Each structure stands twice: as structure tokens, then as C-alpha cells.
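Single-structure report; data block below.
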2 protein chains.
Amino acid sequence: MADTDIFDLQAFLPYLLNQAAEASSLDFQSVYKSRYGMLRNEWRVLFHLGMYGRLSASEIRDRSGLHKTKISRAVQRLAERRFLTRDRDIKDRRTEHLELTAQGQAAYRDLRKIAREYDAALAEMLGDEDVAALRRMLQRLAQRVS
Amino acid sequence: MADTDIFDLQAFLPYLLNQAAEASSLDFQSVYKSRYGMLRNEWRVLFHLGMYGRLSASEIRDRSGLHKTKISRAVQRLAERRFLTRDRDIKDRRTEHLELTAQGQAAYRDLRKIAREYDAALAEMLGDEDVAALRRMLQRLAQRVS
DNA sequence: GCAGATTCGTTGCTTGTGTAATAGTTGGTT
DNA sequence: AACCAACTATTACACAAGCAACGAATCTGC
């Protein structure tokens with residue numbers, strides 16, 4: 001009786017997570033894209049540097065889980081646009097230390113402000129729901145499933 | 001005092017949603033990819049046809065929110081691999097009706113079974129948390145944010 | 001101090017995605 | 001009937017992503 005055996009795709013967690021992630025990503029993307037011509041990986045890198053200060057590419061990788069090629073290309077573009085500086089380590093010349101310029105910090109602060117507001121708007125959209133529980137569950141799901 | 005003004009990226013909903021979605025997507029992707037060589041958009045189309053039966057491309061678009069080019073390409077590949085048949089409408093020859101072949105239905109049922117198990121595993125991973133609330137909130141977030 | 005393994009980061013290549021342009025079809029208006 | 005707007009689906013192009021290979025630098029064990 002497989003044919004009458006219904007399946008609710010709209011309740012399937014991986015599908016649902018994707019839909020929700022895509023919707024909110026697109027919204028927030030329009031902000032950093034229109035204001036600073038940034039791509040998704042670029043604002044992620046920017047935020048990591050904004051939050052933690054001077055970091056190397058692999059430190060960003062460890063903290064963000066972002067793939068090294070994404071980081072490499074994001075850093076390249078951010079450096080071209082003078083959002084960050086690259087400073088090669090003298091002791092280990094494979095490593096480069098990355099740091100936001102004044103312009104990068106300004107962009108970070110601006111975007112951070114908008115991010116907070118947007119996050120608050122999402123939370124408000126969820127009304128009475130337990131947003132803290134949502135974050136907790138998402139964090140749980142995010143840290144490696146299988 | 002902007003520098004000491006912390007921001008928790010790990011709690012920012014769009015970021016968190018992406019992390020969780022990516023993690024669970026990658027897990028589930030390995031299933032349909034290894035078993036049927038399918039891509040993400042292909043299993044989505046497959047599932048829609050499996051659940052609702054005969055549909056046109058634009059009906060799938062309306063139900064799934066998937067972009068028409070993604071659907072067009074997914075349908076092409078699914079047809080090549082004999083997972084579905086394309087049947088042009090006689091009254092309106094712009095439209096094609098899509099329907100799963102026996103092979104397509106078998107794949108659908110197989111993947112549906114795995115999807116259920118995987119969803120259950122995710123829910124179990126969340127332990128005491130209110131998974132119903134999670135789904136409710138995600139659905140809320142998914143249906144257009146701004 | 002040398003060989004091989006490891007790590008940092010970049011690049012090439014192939015594949016996927018989004019936008020916009022397109023071909024083909026239909027329906028409505030005059 | 002001719003025209004035009006709307007719609008279905010595909011395709012072309014430019015851009016982004018992922019994988020694997022790579023060069024350079026460093027570390028490890030002998």
C-alpha cells in the first residue's frame with residue numbers, strides 16, 4: 001500500500017531546515033551584497049575577524065567550519081577591497097595573519113548592527129515560541145549529525 | 001566601545017540555520033547520491049512526483065518554491081535515467097506532464113523510508129526538546145521572511 | 001642534516017546556480 | 001484574422017562552489 005502511504009516533505013527536517021535557511025539567508029544577503037558587494041563567505045570571514053581580531057586562515061577554518069578554499073577566495077576579495085590586511089608570519093612563513101582595516105571594522109560594525117536587528121525581527125516573528133530552544137536545537141543539529 | 005561589544009555569531013539565526021541545514025543536508029545527500037546518483041534538486045523533484053503523482057514543471061515550482069531552471073535541469077536528468085516520463089499535454093502543448101516510472105517509484109519509496117528513519121534519528125538526537133515546536137518555527141521562518 | 005610526512009594556503013577544473021534572453025504556444029482584443 | 005500580452009519550459013552566459021592537485025614551508029624521526 002505504498003502509494004497511499006503519505007509523506008510530508010514539509011515536515012522533513014533537512015528539507016525544512018534548508019527552506020528556512022535559504023529564506024533567511026536571502027534576506028540577509030541582500031544587505032551585505034547591496035551595501036558592500038560582499039558574498040556569503042565574505043561576510044562570514046569578516047565577522048570572524050570582527051569578533052576575534054587577528055586570525056590566520058586556518059584559525060578561521062577551525063572556528064567556522066568553512067572550507068579552506070572558500071576562505072582563501074573570500075580573503076582574496078576582502079583584501080582587494082581593502083577590508084582586511086594580510087601579514088605574513090615571520091616564524092612560519094606559510095601562515096598569514098589577517099586583520100580588518102578601519103574600513104573593514106566599520107563594515108563589520110554596520111553589518112553587526114543590522115544582523116542584530118534582523119535577528120530580533122525573526123525572533124519577534126516567532127511570537128510566543130521558545131526562540132532559545134530553537135537556537136539550542138539548531139546548534140545541536142549543526143554540530144555534526146552523523 | 002564597539003570593540004568590546006561582543007556578537008555571538010553562533011546564535012545568529014540565519015547563520016545557525018545554515019549550519020544546521022548544511023549538516024543535515026550533507027548527511028542525507030550521501031544517501032541519494034550514493035544510491036541513485038541524484039543531486040539535491042533531483043530528489044526534491046522525485047519526492048514531489050512521488051507524493052503527488054502526475055505534475056507539470058510549474059506545478060512542482062508552485063509547490064516547492066524551487067526555481068524553474070533547477071526543475072528543468074533536474075527533470076532532464078531524471079528523465080535520462082528513466083526515473084520519470086515526460087508527456088506533453090495535447091490541449092496545451094507548452095505543458096509537459098511528469099510522472100514517475102516504476103523505477104522512479106521504487107527509488108522514491110526507498111528514499112522515503114530512509115528519510116523517515118533519518119528524520120526520526122534527528123528527532124531522537126534532540127532528546128527532550130520539543131521537535132514539533134521546532135518544525136513549527138522552521139515552517140514559519142521558511143514562508144517568506146521579509 | 002636529510003627524507004618523508006604534514007601543514008598552509010592557492011589554483012585548475014568540473015559542476016551547479018541565477019539572471020536574463022529565448023523559442024514556442026495560447027488566449028484575449030480589436 | 002492579426003496582433004499583443006502572458007505563460008511554459010529551455011538555454012546561454014557569467015559567476016560561485018567543491019574537489020583534487022599543487023607548491024612552498026615546516027616538522028619529525030633517524
Side-chain angles (χ1 to χ4, degrees), chain A residues 18-19 21-23 25-30 32-34 36-46 48-49 54-81 84-99, chain B residues 18-19 21-23 25-30 32-34 37-45 48-49 54-81 84-99:
Chain A
N18 262 291
Q19 301 278 101
E22 197 161 319
S25 271
L26 283 180
D27 270 355
F28 190 61
Q29 177 188 39
S30 69
Y32 54 74
K33 192 172 177 184
S34 66
Y36 301 103
M38 283 185 199
L39 305 174
R40 200 161 54 112
N41 296 324
E42 290 163 26
W43 81 256
R44 286 182 175 176
V45 167
L46 184 89
H48 278 276
L49 291 172
R54 185 180 170 87
L55 292 175
S56 72
S58 38
E59 285 168 335
I60 294 177
R61 171 176 47 73
D62 293 341
R63 290 174 188 269
S64 67
L66 231 51
H67 195 271
K68 60 181 179 173
T69 62
K70 288 184 182 176
I71 297 173
S72 174
R73 282 163 175 148
V75 166
Q76 232 167 352
R77 290 199 16 140
L78 288 171
E80 279 168 15
R81 294 160 183 240
L84 58 78
T85 55
R86 330 176 67 156
D87 178 20
R88 191 158 296 280
D89 188 306
I90 302 177
K91 289 185 181 163
D92 184 343
R93 300 208 322 281
R94 295 170 300 185
T95 306
E96 260 182 356
H97 298 287
L98 309 169
E99 204 164 9
Chain B
N18 262 290
Q19 301 278 101
E22 199 161 316
S25 271
L26 283 180
D27 270 354
F28 190 60
Q29 178 186 38
S30 67
Y32 54 74
K33 192 171 178 185
S34 65
M38 284 185 199
L39 306 173
R40 198 160 55 112
N41 295 325
E42 290 164 26
W43 83 254
R44 286 181 174 178
V45 167
H48 279 276
L49 291 171
R54 184 181 171 87
L55 292 175
S56 72
S58 36
E59 285 167 336
I60 295 176
R61 171 176 48 72
D62 294 341
R63 290 174 188 269
S64 67
L66 230 49
H67 195 272
K68 59 181 179 174
T69 62
K70 288 184 182 175
I71 295 172
S72 175
R73 284 159 178 150
V75 165
Q76 230 166 352
R77 288 198 19 138
L78 287 171
E80 278 167 15
R81 296 164 183 236
L84 59 78
T85 56
R86 331 176 65 155
D87 179 21
R88 192 158 295 281
D89 188 307
I90 302 177
K91 290 182 182 166
D92 184 343
R93 301 211 319 281
R94 293 171 300 186
T95 307
E96 258 183 356
H97 298 288
L98 309 169
E99 204 164 9

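In the text below, chain A, chain B and the rest are named by the order of the sequence lines, each starting its count at 1. This is a predicted model, so every value here is computed, not measured.
- For the pair B:Leu98 CG and D:dT10 P, the interatomic distance rounds to 8 Å; values are reported in whole Å.
- Taking B:Gln19 as the reference, nothing meets the side-chain hydrogen bond (donor to acceptor under 3.5 Å, both in side chains) condition, with sequence neighbours excluded.
- In this model, the phosphate group of C:dG16 is not approached by any side-chain N or O of B:Asn41 to a distance below 4.0 Å at OP1 or OP2.
- Nucleotide C:dG16 holds its C1' atom 16 Å from the CG atom of A:Leu39, rounded to whole Å.
- Rounded to an integer number of Å, the gap from A:His67 NE2 to D:dA21 C1' is 12 Å.
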Report each atom pair, protein N/O against N/O of nucleotides 2-4 of chain C, whose distance is under 3.5 angstrom.
none

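- Applying the salt bridge (charged side-chain N to carboxylate O under 4.0 Å, His left out) rule to pairs touching residues 88-97 of chain A yields A:Arg86-A:Glu96, A:Arg88-A:Glu96, A:Asp92-A:Arg94, sequence neighbours excluded.
- Counting only residues at least two apart or on different chains, the salt bridge (charged side-chain N to carboxylate O under 4.0 Å, His left out) pairs with a member in residues 72-81 of chain A are A:Glu42-A:Arg77.
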Exercise. Starting at the 5' end of nucleotides 8-14 of chain C, put B wherever the base has a protein heavy atom under 4.0 Å, S where only the sugar-phosphate does, and a dash everywhere else.
Key: SBBBBB-
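- Listed by chain and residue number, A:Arg54 satisfy the side-chain hydrogen bond (donor to acceptor under 3.5 Å, both in side chains) test with A:Glu99 (two or more places apart in sequence, or in another chain).
- Residues passing the side-chain hydrogen bond (donor to acceptor under 3.5 Å, both in side chains) test with B:Thr69 are B:His67, sequence neighbours excluded.
- With sequence neighbours excluded, no residue satisfies ring pair (Phe, Tyr, Trp, His ring centres under 6.0 Å) with A:Tyr36.
- Every residue two or more places apart in sequence or in another chain was checked for a side-chain hydrogen bond (donor to acceptor under 3.5 Å, both in side chains) with A:Thr95, and none qualifies.
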